[in-house]
Amino acid sequence: QVKLVESGGGLVQAGGSLRLSCAASGFTFSTYTMGWFRQAPGKEREFVAGISQISQTSRNTYYADSVKGRFTISRDNAKNTVSLQMNSLKPGDTAVYYCAATYGSKLSLTESGIDYWGKGTLVTVSS
């Protein structure tokens, strides 16, 4: 049974930081590209960050322009976890953040290409 379980969401003031984590189980984690999407109130879900495994020692990371330089995605294949470090948070970052997985080494992530989704964790940034 595949599971993606997010944690780390909460309320933070603008300019603050949060670290989201996603624990994966039920599939071969190292063979999947992992990512984060978010959905703000009244808006469509959008891509935030992705990390693919190119080889045993090489990974590729990519970000939405809106979070580049502020967010950092990482993965630990030994622990089957993917994390999203979010710094310099803005009220516009308020959203439900979803962990996502797609098979293979992908250079980009789209909603339609995702194999597995987590249930999401809420991040609220106050001004």
List the atom of [X], the atom of [Y], and the distance in Å for their closest heavy-atom pair.
X	Y	value
Phe47	Ala64	O-CB, 3.4 Å
Ser127	Ala14	CA-CB, 4.4 Å
Asn77	Ser30	ND2-CB, 3.8 Å
Thr33	Lys106	OG1-N, 2.9 Å
Leu4	Ala24	CD2-CB, 3.5 Å

Are the side chains of [X] and [Y] in touch, meaning some heavy atoms are under 4.5 Å apart?
X	Y	result
Phe29	Gln53	no
Ser21	Lys79	no
Leu109	Thr102	yes
Arg19	Ser83	yes
Met86	Trp36	no

Any sub-3.5 Å donor-acceptor pair from [X]'s side-chain atoms to [Y]'s backbone N or O?
X	Y	answer
Arg75	Arg59	no
Asp115	Tyr103	yes
Tyr63	Ile73	yes
Ser88	Arg70	no

Of Leu84, Leu20, Asn87, the one forming a side chain to side chain contact (heavy atoms under 4.5 Å, CB included) with Phe71 is Leu84
Run the salt bridge (Lys or Arg N to Asp or Glu O under 4.0 Å) check on Lys68 and Asp65 step by step: do they pass?
CA-CA 5 Å; Lys68 223 172 265 186; Asp65 287 343; 3.0 Å; yes
Nearest 0.5 angstrom please: [X] [atom1] to [Y] [atom2], how far?
X	Y	atom1	atom2	answer
Arg38	Lys43	CZ	NZ	8.5 Å
Trp117	Glu111	CH2	CD	4.5 Å
Thr81	Asp76	OG1	CG	4.5 Å
Asn80	Tyr32	CG	OH	12.0 Å
Ile114	Tyr98	CD1	OH	13.5 Å

Shared ILVMFWY cluster between [X] and [Y], side chains joined below 4.5 angstrom?
X	Y	answer
Val125	Phe37	no
Val48	Leu18	yes
Val67	Val123	yes
Val5	Phe27	no

Verdict with supporting geometry, Glu6 and Lys119, salt bridge (Lys or Arg N to Asp or Glu O under 4.0 Å)
CA-CA 7 Å; Glu6 302 96 336; Lys119 293 184 178 180; over 6 Å; no
